[in-house]
Every structure is written in structure tokens, then in C-alpha cells.
Amino acid sequence: MSAQSTTRQGPPGPDPDDRTDAVTRAEAEARILGEVAELLREVIGEEYVVDMEITMATSFNQDLELESIEFVALADRLRGRYGEAVDFVGLLADMDVDQVINMRVGEVVHFIVDSLPTLAPAGSA
């Protein structure tokens with residue numbers, strides 16, 4: 001009778017929590033990418049950006065032609081959206097000029113995901 005409960009030996013199968021964490025991070029990255037793209041469109045305001053697909057690979061300099069004042073505006077909007085935990089100005093301060101010039105949207109998305117203390121479910125913001 002208790003044989004059924006003790007027949008399983010060896011290591012358990014894949015931990016479903018590991019898969020859930022990966023999915024949660026991927027979902028968070030997709031959600032935050034959409035939010036960052038929206039903020040960028042607001043900051044840049046140029047007609048060509050409105051219809052542009054902004055992806056993780058989109059560069060701030062070559063693709064978006066972001067000006068330094070627009071970086072400041074983006075930092076302000078990121079702080080307003082995500083709070084003090086996302087210190088975009090601090091991220092930029094730790095980079096040299098070439099790193100900032102060559103930065104891609106995906107780097108900002110990863111920074112935001114890594115900075116947030118918890119990943120809130122979509123729609124909770």
C-alpha cells in the first residue's frame with residue numbers, strides 16, 4: 001500500500017519552477033520592451049519612429065538617432081514608470097562614450113528587468 005508512495009527513486013524530473021522563471025523573465029522582457037518602445041516614441045516624437053518596429057536589437061544612435069537631450073527625457077520617463085530602482089542615469093554614467101553610442105534597446109530592457117525587485121504580472125502597473 002505504501003509501495004506506491006515510495007516507488008519513485010532517483011532525482012525528480014525537471015523542476016517546473018525553473019521553466020516558469022524563464023517564461024516569466026521572457027514575458028517580462030517582452031512587456032518591458034513594449035513599454036520602452038512606447039516611451040521612446042513619446043520622447044522622440046518624430047513621424048518616422050511612430051511606425052518603426054522597435055526591437056531588442058534597435059540601436060539608439062543609428063536606428064533611432066537619439067539626441068543627448070532625448071536620453072535625459074528617456075531617463076526621466078523611465079524613473080517615472082519604474083521608480084528609483086531603475087537608475088538609467090547611473091547605467092549611463094558607468095559607460096564610456098562608445099558604449100552609450102552603440103547601446104541597443106535590449107540592453108535597457110535587460111537593465112530594467114534586472115533592476116526591478118520583483119516582476120509584476122502584466123497589467124498590474
Side-chain angles (χ1 to χ4, degrees):
M1 293 188 208
S2 65
Q4 284 183 347
S5 62
T6 59
T7 56
R8 186 174 178 145
Q9 298 289 331
D15 184 354
D17 288 337
D18 289 343
R19 233 177 64 232
T20 302
D21 288 346
V23 170
T24 300
R25 181 172 176 93
E27 289 174 347
E29 287 178 1
R31 179 172 48 91
I32 290 171
L33 173 60
E35 293 169 356
V36 169
E38 179 183 321
L39 293 175
L40 283 165
R41 287 185 181 98
E42 291 173 9
V43 165
I44 298 170
E46 297 292 328
E47 191 65 34
Y48 74 93
V49 177
V50 173
D51 294 327
M52 175 186 264
E53 180 182 9
I54 298 175
T55 69
M56 298 287 267
T58 301
S59 71
F60 287 101
N61 184 42
Q62 288 185 324
D63 297 325
L64 298 175
E65 301 176 6
L66 207 67
E67 303 285 335
S68 58
I69 192 69
E70 293 167 327
F71 264 111
V72 173
L74 178 62
D76 186 51
R77 290 184 189 230
L78 289 173
R79 186 178 57 245
R81 175 80 180 178
Y82 300 107
E84 297 297 321
V86 177
D87 183 12
F88 185 61
V89 173
L91 173 69
L92 294 177
D94 289 340
M95 295 181 163
D96 64 37
V97 173
D98 288 334
Q99 289 174 309
V100 172
I101 289 171
N102 295 312
M103 191 165 54
R104 300 197 176 276
V105 172
E107 292 174 69
V108 174
V109 170
H110 290 146
F111 174 72
I112 293 168
V113 170
D114 292 341
S115 297
L116 293 175
T118 59
L119 298 177
S124 67

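It should be emphasised that the depicted structure is a prediction, and the values quoted were computed from it without experimental measurement. FYI, the numbering just counts along the sequence from 1.
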Inter-residue atom distance Ser59.OG - Asn102.CG, 0.5 Å rounding: 8.0 Å
Glu67: partners by side-chain contact (heavy atoms from CB on, under 4.5 Å), with sequence neighbours left out: Ile69, Glu70
Residue pair Ile32 / Leu116: nearest heavy atoms and the distance that separates them: CD1-CD1, 3.9 Å
Closest contact, heavy atoms only, Ser115 versus Ala85: CB-O, 3.4 Å
Donor-acceptor contact present, side-chain Arg79 to main-chain Asp87, <3.5 Å: no
Side-chain heavy atoms of Arg77 within contact of Val36, under 4.5 Å: no
Interatomic distance, Asp76 atom CG to Arg81 atom CZ [nearest 0.5 angstrom]: 14.0 Å
Pairwise distance CD(Glu29) to CG(Leu33) - rounded to 0.5 angstrom: 9.0 Å
OG1-CZ distance between Thr24 and Arg31, expressed to the nearest 0.5 angstrom: 10.5 Å
Under the side-chain contact (heavy atoms from CB on, under 4.5 Å) test, residues paired with Val72 that sit two or more places apart: none
Close side-chain approach of Ile44 and Val50, heavy atoms under 4.5 Å: no
Side-chain heavy-atom pair Met56, Val109 within 4.5 angstrom cut-off: yes
Rounded distance (nearest 0.5 Å) linking atom CZ of Phe111 with atom CG of Leu91: 4.5 Å
Pairs satisfying salt bridge (Lys or Arg N to Asp or Glu O under 4.0 Å), at least one member in residues 57-66, at least two apart: none
Glu47 vs Met52 side-chain heavy atoms within contact, under 4.5 Å: no
Thr58 side, atom OG1; Leu64 side, atom CG - distance, nearest 0.5 Å: 6.0 Å
4.5 Å side-chain heavy-atom contact, Val108 and Leu74: no
Pairs meeting criterion salt bridge (Lys or Arg N to Asp or Glu O under 4.0 Å) with involvement of residues 90-103, two or more places apart: none
Test item: Val49 and Leu40 side chains (from C-beta on) under 4.5 Å apart, heavy atoms: no
Residues Arg25, Asp114; criterion salt bridge (charged side-chain N to carboxylate O under 4.0 Å, His left out); working and verdict: CA-CA 10 Å; Arg25 181 172 176 93; Asp114 292 341; 2.9 Å; yes
Which residues share a ring-ring contact (aromatic ring centres under 6.0 Å, His included) with Phe60, sequence neighbours left out: Phe71
Chi angles and distances behind the side-chain contact (heavy atoms from CB on, under 4.5 Å) call for Ile112, Glu35: CA-CA 11 Å; Ile112 293 168; Glu35 293 169 356; over 6 Å; no
Partner residues of Glu107 under the side-chain contact (heavy atoms from CB on, under 4.5 Å) criterion, sequence neighbours left out: Met95, Met103, Arg104
Neighbour count above 12 (heavy atom, 6.0 Å) for Gln62 CD: no
